Amino acid sequence: MKLFVRNITTRNLRRVLAILLLIVVASSCEHKPLCWHHPHTGMLRVDFAWWDAPEGEDLVKSMALYVYPKDGSENNRKRIDFVGTSGGIIELNVGDYNFLCLNSDTETLQYDATDAHHSFSVYTRDAHPLAGMEVRSGEGDFDLSDSYENIKRAEGTEKERVSREAEDAYGHAIEDVHVHGEAGVMQVVTLYPKNLTVHFHVVLQDVGCIETVQKISGTLSGLAGKVKVADATRVGDHNIVPFSLLQTGEHTLEGHFIAFGHCPDDIEKFHKIAVYAVTEEDDHLFFEFDVSDQIEKAKDQRYITIFVKGLDICGMKDMGVVVDPWLGIPPIIVPME
């Protein structure tokens with residue numbers, strides 16, 4: 001009898017445990033659908049395709065991706081850095097986004113209006129007109145700081161901001177990307193960086209008395225102050241960019257620099273090269289050349305070459321003493337050839 005009772009009790013206990021297990025499993029299954037109400041993430045493969053700027057794939061060392069949630073949530077706004085130019089895999093919360101990319105291997109570029117992808121722009125810090133000349137001067141052997149306040153400008157450019165030379169900038173933006181977070185699915189997002197800057201090559205030919213020059217540099221006016229990363233639109237007030245000049249031939253000087261280009265639709269602009277020279281006799285000479293026609297009509301607006309003739313250092317010596325330490329001559333218009 002005792003054995004019979006013991007068997008019944010054991011069977012009941014097993015049944016109770018089985019029922020409890022079923023209840024736990026059932027309640028767990030009922031809870032699963034509720035999990036979809038919590039934030040989930042999606043995996044994305046970010047690719048940078050360099051079709052529009054193939055040289056950038058070899059030049060750029062690192063890229064940054066700026067993530068902008070379309071709902072304006074600052075918590076999900078972020079910057080993600082990638083080594084190299086290929087991209088990589090990232091994880092984001094499910095939602096709708098705008099993306100912007102920009103190479104992050106630069107030292108001189110400054111960022112502005114970064115709160116939105118469509119306004120994000122780059123620019124460079126202030127400089128002075130003789131910055132190109134100081135690049136070539138050794139420490140302590142040449143100082144024109146006392147003359148900065150009196151630096152002559154090309155006529156009509158007196159109010160333009162002077163900014164530093166830029167570096168190659170590559171960027172692009174895409175809109176309305178939906179991260180769905182579907183399990184087991186890798187989304188692919190492709191951005192197409194474009195070069196946002198312009199290379200300028202200035203060639204001064206048939207320079208007279210080049211052997212008397214101790215220091216020489218130049219500036220170019222009428223250039224854009226900023227460029228928007230999303231669509232490469234040039235914005236901002238006109239800027240002057242200084243550059244160095246090096247002797248490359250018996251009567252030739254050349255300069256190379258990078259800037260944000262010019263605004264093609266700006267009918268009020270003009271572009272003038274100002275050349276500053278200091279002779280062995282410590283004469284401070286100034287020349288200006290109107291090169292607007294060459295810049296506007298250049299066939300390749302990414303690599304613009306400007307040719308200037310008529311720079312005669314010795315021809316300045318008969319002008320006499322003036323109050324301004326920089327002696328000048330009327331502007332010379334240099335047309336396209």
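What you are looking at is a predicted structure, and each value in this text was computed from that prediction instead of being measured.
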Test ring-ring contact (aromatic ring centres under 6.0 Å, His included) applied to Y123 - qualifying residues, sequence neighbours left out: none

ring-ring contact (aromatic ring centres under 6.0 Å, His included) partners for H256, two or more places apart: H201

Sole candidate of I80, V179, V189 that passes side chain to side chain contact (heavy atoms under 4.5 Å, CB included) when paired with I90: I80

Identified side chain to side chain contact (heavy atoms under 4.5 Å, CB included) partner of I240 from the options L223, T219, L220: T219

Any side-chain heavy-atom pair from [X] and [Y] closer than 4.5 angstrom?
| X | Y | value |
| --- | --- | --- |
| T252 | E254 | yes |
| I313 | F287 | yes |
| T197 | V227 | no |
| L246 | I216 | no |
| P193 | C101 | yes |
| L44 | E91 | no |
| F120 | Y111 | yes |
| T279 | V213 | no |

Would you please name every residue forming a side chain to side chain donor-acceptor pair (under 3.5 Å) with [X], sequence neighbours left out?
| X | answer |
| --- | --- |
| T190 | none |
| R79 | Y66, D81 |
| H199 | D168 |
| K70 | D176 |

Any donor-acceptor pair under 3.5 Å linking the side chain of [X] with the backbone of [Y]?
| X | Y | result |
| --- | --- | --- |
| D105 | K61 | yes |
| T106 | T108 | no |
| D290 | S292 | yes |
| S119 | A113 | yes |
| Y276 | I151 | no |
| R153 | E160 | yes |
| E165 | F243 | no |

[X] to [Y] - nearest heavy-atom pair and separation:
| X | Y | answer |
| --- | --- | --- |
| V229 | G171 | CG1-CA, 3.7 Å |
| V198 | F260 | CG2-C, 4.4 Å |
| H271 | G222 | CE1-O, 2.9 Å |
| H128 | V162 | C-CG1, 3.7 Å |
| T124 | A166 | CG2-CA, 3.8 Å |
| G218 | L245 | N-CD1, 4.1 Å |

How far does [atom1] of [X] sit from [atom2] of [Y], to the nearest 0.5 angstrom?
| X | Y | atom1 | atom2 | answer |
| --- | --- | --- | --- | --- |
| D293 | I306 | CG | CD1 | 11.5 Å |
| D312 | L285 | CG | CG | 10.0 Å |
| T85 | L59 | OG1 | CG | 10.0 Å |
| I174 | N98 | CD1 | CG | 8.5 Å |
| T212 | D283 | OG1 | CG | 8.5 Å |
| L109 | R164 | CG | CZ | 9.5 Å |

State whether a side-chain donor-acceptor pair under 3.5 Å links [X] with [Y].
| X | Y | value |
| --- | --- | --- |
| S62 | S104 | yes |
| H262 | Q301 | yes |
| T41 | N93 | no |
| Q187 | H178 | no |

Ion pair check, R161 and D237, cut-off under 4.0 Å: no

Residues K272, E288: salt bridge by 4.0 Å N-O rule: yes

side-chain contact (heavy atoms from CB on, under 4.5 Å) evaluation trace for Y170 with L196: CA-CA 6 Å; Y170 296 88; L196 308 174; 6.0 Å; no

Pairwise salt bridge (Lys or Arg N to Asp or Glu O under 4.0 Å) hits with a residue in residues 40-50, at least two apart: R45-D47

Pairs involving residues 48-57, ordered by first then second residue, that meet salt bridge (Lys or Arg N to Asp or Glu O under 4.0 Å) (sequence neighbours left out): D52-K194, E55-R302

Residue list, salt bridge (charged side-chain N to carboxylate O under 4.0 Å, His left out) with D112, at least two apart or on another chain: K226

Residues in salt bridge (charged side-chain N to carboxylate O under 4.0 Å, His left out) contact with K228, at least two apart in sequence or another chain: none

Steps toward side-chain contact (heavy atoms from CB on, under 4.5 Å) verdict (F307, L204): CA-CA 6 Å; F307 294 96; L204 306 183; over 6 Å; no

In one Ile/Leu/Val/Met/Phe/Trp/Tyr side-chain cluster, 4.5 Å: V46, L100: no

V275/F286 under side-chain contact (heavy atoms from CB on, under 4.5 Å): CA gap, chis, key distance, verdict: CA-CA 6 Å; V275 177; F286 172 86; over 6 Å; no

Qualifying disulfide (SG to SG under 2.5 Å) pairs, either residue in residues 206-247, two or more places apart: C209-C314

Stepwise side chain to side chain donor-acceptor pair (under 3.5 Å) test for H251 and D206: CA-CA 5 Å; H251 301 286; D206 302 328; over 6 Å; no

E250 CD: over 12 foreign heavy atoms closer than 6.0 Å: no

Full working for side-chain contact (heavy atoms from CB on, under 4.5 Å) between M63 and V83: CA-CA 7 Å; M63 294 290 293; V83 176; over 6 Å; no

Hydrophobic cluster partners of W51 (side-chain heavy atoms under 4.5 Å): Y192

